[in-house]
Protein chains: 2
Amino acid sequence: MLDFDLSQFLPYQLAVVSERVSREFAAIYRARYGISRAEWRVLAHLSQAKAVSVRDISEQAELDKPKVSRAATRLEKAGYVTKKANETDKRLVSLALTDKGVALMEDMAPLARAYEAKVLDRLGTDAPTFLAAVQKLTQDNGA
Amino acid sequence: MLDFDLSQFLPYQLAVVSERVSREFAAIYRARYGISRAEWRVLAHLSQAKAVSVRDISEQAELDKPKVSRAATRLEKAGYVTKKANETDKRLVSLALTDKGVALMEDMAPLARAYEAKVLDRLGTDAPTFLAAVQKLTQDNGA
DNA sequence: CCCATATCGTTGCAGTTGAAATGAAGTCAA
DNA sequence: TTGACTTCATTTCAACTGCAACGATATGGG
């Protein structure tokens, strides 16, 4: 009909796969902990670094600033995260996990790894190359 | 800090990459044609098949039914798509591209291919394996 | 032929989203 | 030091989202 093969079109396939994977995984942690996708991403990010700003997370996790800000507010209310002004630059908000937040992530990590293993199993021997490729796309800023 | 390496966690990486790619590409067609992401996905789907139902698109494109329904309504108002009741099952809505819709997709196809090429370039020799892996994840229903 | 049940697409509604505006804080050149 | 400009996080507000409910249609057992 048209000279355009959707089943081979990368951005489309990527969106479908990513949505499916995110949806499946989100169902797991939402059912157990009542955490939204944005909240999960913020928590995951805070597991990597001691203290980061809203902007840091926004840039690296491909979430816009209001989304991060609101997720952080909800997580703070739930007791998983602390927000305090950065000492040297008071515009910045320092986000960090509380002990309760660390405990939550320690609890979720096995679920995350188990789900990931399930996905990687579907990929078989392509898994390492796939991960490497995703890394390339993540690191490049596409600028 | 925690025994959990986000930079290697597949669902997260996938979400970040997919969001970045979708955002970049969406900026192109939104600027030119005022088409939203959901609308683009519906149009792309209709480029593949003569007539499909809302449910078909919803399942295959990982979009929920209301989203497809509303995207279709907007596209109909814009003159890109027709909606008519299926003859044999009047519950079903047959969506199809109008001539104007076909013209739009023919116009967009080169943009899509150019953008895709840009992304694949970043992958280099990993591109074929990457595409194959994405296909595997798309086809598996994860059930 | 009925009636109970299932499926389709749309819509109502409460919650969420993102672009732009806001206000607070920082930077730098004159 | 001032004042113009930038950067950061939040808030505002209109639009969008997704779940659940709905009306319409279809199906299958009794």
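Proteins get letters first, then strands, A, B, ... in listed order; numbering begins at 1 in each.
Ionic pairing of E106(A) and K100(A) is not present here: no N-O contact between side-chain nitrogen and carboxylate oxygen is shorter than 4.0 angstrom.
When rounded to the nearest whole Å, the span between CZ of R30(A) and P of dT16(C) equals 12 Å. The nearest whole Å value for the distance from the CG atom in L63(A) to the C1' atom in dT17(C) is 12 Å. Protein atom CG of D64(A) is 15 Å distant from nucleotide atom P of dT16(C), rounded to whole Å. As rounded to whole Å, 11 Å separates atom C1' of dC8(D) from atom CD of E59(A). Distance D89(A) CG to dT27(C) C1': 10 Å, rounded to the nearest Å. When the P atom of dC16(D) is taken as reference, atom CD of E39(B) falls 9 Å away, rounded to whole Å. Regarding N86(A), its CG atom lies at a distance of 12 Å from the P atom of dC8(D), rounded to whole Å. Atom P of nucleotide dG15(C) and atom CZ of R74(A) are separated by 12 Å, given to the nearest angstrom.
Sorted by first and then second residue, the side chain to side chain donor-acceptor pair (under 3.5 Å) pairs with a member in residues 75-85 of chain B read T73(B)-K83(B); sequence neighbours excluded.
Among the protein residues, S94(B) comes within range of no part of the nucleic acid, since none of its heavy atoms lies under 4.0 Å from any strand.
Side chain of K65(A), nearest nucleotide from dT25(D), dA9(D), dG9(C): dA9(D). The side chain of R70(A) approaches dT12(D) more closely than any other nucleotide in the set dT12(D), dA25(C), dG12(C). Candidate nucleotides dA26(D), dC8(C), dT10(C) were compared by shortest atom distance to the side chain of V54(B), and dT10(C) ranks first. For P66(A), the side-chain atoms get nearest to dG18(C) when compared with the rest of dA26(D), dT11(C), dG18(C). Side-chain proximity of V93(B) to the nucleotides dT17(C), dA9(D), dG9(C) is greatest for dG9(C). Side-chain proximity of L92(B) to the nucleotides dG9(C), dC19(D), dT17(C) is greatest for dG9(C).
Using bins of under 30°, 30° to 60° and over 60° for the plane-to-plane angle, the ring pair W40(A)/Y29(A) lands in the parallel bin. Below 30°, between 30° and 60°, or above 60°: for F130(A) and F130(B) the angle between ring planes is below 30°, a parallel geometry.
For the OP1/OP2 pair of dT16(C) and a distance below 4.0 Å, the side-chain nitrogens and oxygens of K67(A) include no atom meeting the criterion. The phosphate of dG9(C) has neither OP1 nor OP2 within less than 4.0 Å of any side-chain N or O from S69(B).
Nearest-nucleotide positions on DNA chain D for E19(A) and S53(A) put S53(A) closer to the 5' end. Each of R91(B) and V68(A) was assigned the nucleotide of DNA chain D with the nearest heavy atom; the assignment lying further toward the 5' end belongs to V68(A).
Between R74(A) and S36(A) there is a side-chain heavy-atom pair separated by less than 4.5 Å.
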